[in-house]
Amino acid sequence: MTTTDAAEAPPPERLQEHFDATIARDQRIEPRDWMPDGYRKTLVRQIAQHAHSEIIGMQPEGEWITRAPSLRRKAILFAKVQDEAGHGLYLYSAAETLGADRADLTERLIDGRQKYSSIFNYPTPSFADVGVIGWFVDGAAICNQVPLCRSSYGPYARAMVRICKEESFHQRQGYELLMTMMRGSAAQREMVQDAVDRWWWPSLMMFGPPDDASPNSARSMAWKIKRHSNDELRQRFVDMTVPQAAKLGVTLPDPELRWNEERGHHDFGTPDWDELMRVIKGDGPCNAQRIQRRRAAHEAGAWVREAATAHAAKQAARGKKGAAA
Ligand SMILES: [Fe+2]
Ligand SMILES: [Fe+2]
């Protein structure tokens, strides 16, 4: 049963009221339901940014596919990076249910008018980075995305269910890779610690600015697009990761990190918010490279899109002819 059958659609003057009641009852908004413009725009912006992050996120790890140290690691990494492409596709499809056009979204990404997660603007100089990305970045993605499975917009929530299952595999493969390296040579252990040192703070920044500096958060929470604030999710990630770091035998690079008995959570230091702002504005270590590569791939794939469109048109024309005969 969906929220509005055509027969029981509310009269125009009661659309807003009906929408508010649907949200209040924790029911889903579906593509054919009326929704306020702001809700639609916020969702398109969030889903597009999420889709772009999945696609751009293929690059830092993808660089290691040809250099993976064994066939097994290569196969795992290949599958992981391919999963991220799949996540991008589900999410672009979810954005299309809101009337967005995928080609237009891609243009906006390439022109820098739409963003992707700041984390993918950091380089991957060692193979340990593959493990740490799985552990931290996919781990942070899980913290962010599990609550989105209950997001008020149906197609987005349903896409997240499948994505989260795959993210949890990604996180485990990263952790398992690091565990293997930690059982190896001293040089391997150093590589892991170095990667942890470089990725820890950028991973905390993935949750976005602190709550008091996050202007869109309150609106998104009222609409139940988002279920928890940036700071709550960041805390959840820290609490989840600290015992994993201890088990792995690495040190998280934060002298202020300690268990707070009273709060029942870990206290931790403040990320460099100026750095986050610089990276978001395009001045991170790899921003230019990531976009340039995405643009080149888009241009190189133009003939495939043209051929697919021509083929689909031919099939449709044939179908019509067949039906008329
Ligand atoms: Fe993903
Ligand atoms: Fe992932």
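Remember, it's 1-based here, ligands and their atoms both numbered in the order they're listed.
The main-chain N or O of Asp231 is found under 3.5 Å from a side-chain atom of Asp211 such that the two form a donor-acceptor pair.
Salt-bridge formation is not detected for the pair Asp283/Lys281: no Lys NZ or Arg NE/NH1/NH2 atom is positioned less than 4.0 Å from an Asp or Glu carboxylate oxygen. Comment: Arg227 engages Asp26 in a salt bridge, judged by a side-chain N to carboxylate O separation of less than 4.0 angstrom. In this structure, Asp104 pairs ionically with Arg108, as a charged nitrogen and a carboxylate oxygen lie closer than 4.0 Å.
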Please list every donor-acceptor pair under 3.5 Å in which a side-chain atom of residues 169-176 meets a protein atom from a residue at least two apart or in another chain.
residue: His170; atom: ND1; partner: Glu84; partner atom: OE2; Å: 3.1
residue: His170; atom: ND1; partner: Asp138; partner atom: OD1; Å: 3.3
residue: His170; atom: ND1; partner: Glu167; partner atom: OE1; Å: 3.0
residue: His170; atom: NE2; partner: Asp83; partner atom: OD2; Å: 2.8
residue: Gln173; atom: NE2; partner: His170; partner atom: O; Å: 3.2
residue: Tyr175; atom: OH; partner: Gln244; partner atom: O; Å: 2.7
residue: Glu176; atom: OE1; partner: Arg73; partner atom: NH1; Å: 3.0
residue: Glu176; atom: OE1; partner: Arg73; partner atom: NH2; Å: 3.3

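Of the inter-residue distances, the one linking Leu105 atom CG with Leu91 atom CG reads 11.0 Å to the nearest 0.5 angstrom.
For the Fe ion (ligand 2), the count of nearby protein N/O/S atoms, taking only those under 2.8 Å, is 4.
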